[in-house]
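Report on the following structure.
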Amino acid sequence: MALKCVNLDADVYLVCLAHALSTEREEVMGLLIGEIDENHVLQLYSVIILRRSDKQPDRVEISPEQQSDASVRAEQLAQELNCPMRVVGWYHSHPHITVWPSHVDVRTQANYQQMDKGFVGLIFSIFNEDKTTKQNRIQVTCFQSVEVNSQFERMEVPLNIVPKSSISRVCLNPLVELPRILLAEEDEMYDKAMGESARENLLTRIHNASVYTKSVCNVLDVVTAPLIHSLEQHLAQNTLRIKHLKEEKEMLLARLKTYEERTLLD
């Protein structure tokens with residue numbers, strides 16, 4: 001039976017969006033963790049951010065090793081939370097272009113669905129200027145592939161973003177890990193650029209070092225600083241929430257004490 005809809009927890013959306021907004025030059029990709037319930041509703045609880053071995057502006061790829069590691073991680077999460085979880089989808093970004101999947105995206109999705117019919121794809125369109133307001137807009141779509149006349153086409157799946165007042169631990173971990181993954185990608189690209197011939201040329205070394213420094217600063221500016229700001233906001237909200245709960249607890253204890261005293265007098 002086809003999926004009725006997909007429920008995306010707000011903290012999962014936050015992680016995916018933070019990853020998508022980390023670069024406007026290349027696409028990024030990750031895997032979605034969740035489970036399909038008895039009502040054929042797909043619940044998404046966490047993500048696995050994939051480290052890119054090759055940066056491309058118009059495509060992303062996942063290796064078999066990454067798929068295997070993701071499955072193991074999903075099993076670990078299932079044991080930690082004592083609830084069923086598995087890899088149920090993928091997400092990637094479309095910087096500066098429409099949210100709709102390309103024919104390559106549709107074909108990739110079809111390949112995933114051969115292994116799991118409930119598998120879904122999310123696409124985040126970012127850094128895409130609205131022609132009317134001249135402001136950057138963010139769009140997200142959820143889709144599957146269907147075969148029509150021996151060709152695969154996009155089938156949109158209803159997507160609901162479920163509000164949450166806090167960030168769960170299974171989402172906080174990948175969110176905090178994001179800057180480390182991005183820096184690891186920059187280290188790998190720098191090592192590739194600094195081959196034997198490049199090391200022998202002083203100007204090439206200076207150029208590569210400058211590009212690397214700029215990239216690291218960009219990670220700090222675009223990802224790390226907003227992440228710290230977001231976490232500080234959540235901390236302030238949680239602190240205020242704790243204060244209100246303590247006040248409510250004291251009020252309830254006072255009412256209970258008053259009730260007990262009246263009961264003894266009666």
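Computed from a predicted model, the values in this text were never measured in an experiment.
- Of the residues Thr23, Leu17, Val28, the one that meets the side chain to side chain contact (heavy atoms under 4.5 Å, CB included) test with Ser93 is Val28.
- Both Phe143 and Met115 belong to a single network of hydrophobic side chains, linked directly or stepwise wherever heavy atoms of I, L, V, M, F, W or Y lie under 4.5 Å apart.
- If you take CD on Glu185 and OG on Ser215, they are separated by 11.0 Å, rounding to the nearest 0.5 Å.
- Separation of atoms CG (Leu178) and CD1 (Ile49) is listed at 4.5 Å; rounding is to 0.5 Å.
- In terms of heavy atoms, Ile97 sits closest to Asn128 at O-ND2, 3.3 Å.
- Looking at every heavy atom in both residues, Tyr45 comes nearest to Val170 through O-CG2, 3.7 Å.
- The side-chain heavy atoms of Glu156 and Trp100, taken from C-beta on, include a pair separated by under 4.5 Å.
- Taking each heavy atom of Gly121 and Gln109 in turn, the nearest pair found is N-OE1, 3.4 Å.
- Remark: Lys164 pairs with Asp11 by the side-chain hydrogen bond (donor to acceptor under 3.5 Å, both in side chains) rule, at least two apart or across chains.
- Contact annotation: the side chain of Leu77 approaches that of Ser46 to within less than 4.5 Å [non-hydrogen atoms, C-beta and beyond].
- For Glu177, the side-chain contact (heavy atoms from CB on, under 4.5 Å) partners two or more places apart in sequence, or in a different chain, are Arg180, Ile181.
- Within a 6.0 Å sphere centred on CD of Gln151, heavy atoms belonging to other residues, nucleotides or ligands number 12 at most.
- Note: Asn160 CG to Asp9 CG = 11.0 Å, rounded to the nearest 0.5 Å.
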Take Thr108 and Asp105, measure what side chain to side chain donor-acceptor pair (under 3.5 Å) needs, and give me the verdict at the end. CA-CA 5 Å; Thr108 301; Asp105 296 335; 5.4 Å; no

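- Across all their heavy atoms, Leu50 and Gly30 have their closest contact at CG-CA, 4.0 Å.
- Using cut-offs of 30° and 60° on the angle between ring planes, the pair His92 and Trp90 is parallel.
- Counting only heavy atoms from C-beta outward, the side chains of Asp69 and Arg73 never approach each other to under 4.5 Å.
- To the nearest 0.5 angstrom, Cys142 atom SG is 11.0 Å from Arg154 atom CZ.
- Rounded to the nearest 0.5 Å, atoms CE (Met155) and CD (Gln144) are 4.5 Å apart.
- Under the ring pair (Phe, Tyr, Trp, His ring centres under 6.0 Å) criterion, the residue pairs touching residues 11-37 are Tyr13-Phe124, His19-Tyr91, with sequence neighbours excluded.
- Few gaps surround NE2 on His96; more than 12 heavy atoms of other groups in view lie less than 6.0 Å from it.
- Annotation: salt bridge (Lys or Arg N to Asp or Glu O under 4.0 Å) contacts involving residues 227-250, sequence neighbours excluded, are absent.
- Residue pairs meeting the salt bridge (Lys or Arg N to Asp or Glu O under 4.0 Å) criterion with at least one partner in residues 28-41, sequence neighbours excluded, are Glu35-Arg86.
- Residues Val146 and Val88 are members of separate hydrophobic clusters, defined by side-chain heavy-atom contacts under 4.5 angstrom among Ile, Leu, Val, Met, Phe, Trp and Tyr.
- Of the inter-residue distances, the one linking Asp187 atom CG with Met189 atom CE reads 11.5 Å to the nearest 0.5 angstrom.
- When all heavy atoms of Leu8 and Leu44 are compared, the pair lying nearest together is CD1-CD1, 3.8 Å.
- Val41 and Val140 are members of different hydrophobic clusters when ILVMFWY side chains are connected at heavy-atom separations under 4.5 Å.
- You'll find the side chain of His103 stays beyond 4.5 Å of the side chain of Arg107, heavy atoms only.
- By the salt bridge (Lys or Arg N to Asp or Glu O under 4.0 Å) test, Arg169 pairs with Glu80, sequence neighbours left out.
- Side-chain atoms of Val120 and Tyr112, non-hydrogen and from C-beta on, never get closer than 4.5 Å to each other.
- With a 4.5 Å cut-off on side-chain heavy atoms, Leu122 and Leu159 count as touching.
- The side-chain heavy atoms of Ser210 and Ile206, taken from C-beta on, include a pair separated by under 4.5 Å.
- By the criterion of side-chain heavy atoms lying less than 4.5 angstrom apart, applied directly or through intervening Ile, Leu, Val, Met, Phe, Trp or Tyr residues, Leu14 is grouped together with Leu182 in one hydrophobic cluster.
- Residues Ile36 and Val162 fall into different hydrophobic clusters, defined by Ile, Leu, Val, Met, Phe, Trp and Tyr side chains chained together at heavy-atom separations under 4.5 Å.
- A 4.5 Å side-chain heavy-atom check between Ser145 and Gln113 finds at least one atom pair inside the cut-off.
- Closest approach of Val15 and Pro174 over heavy atoms only: CG1-CB, 4.3 Å.
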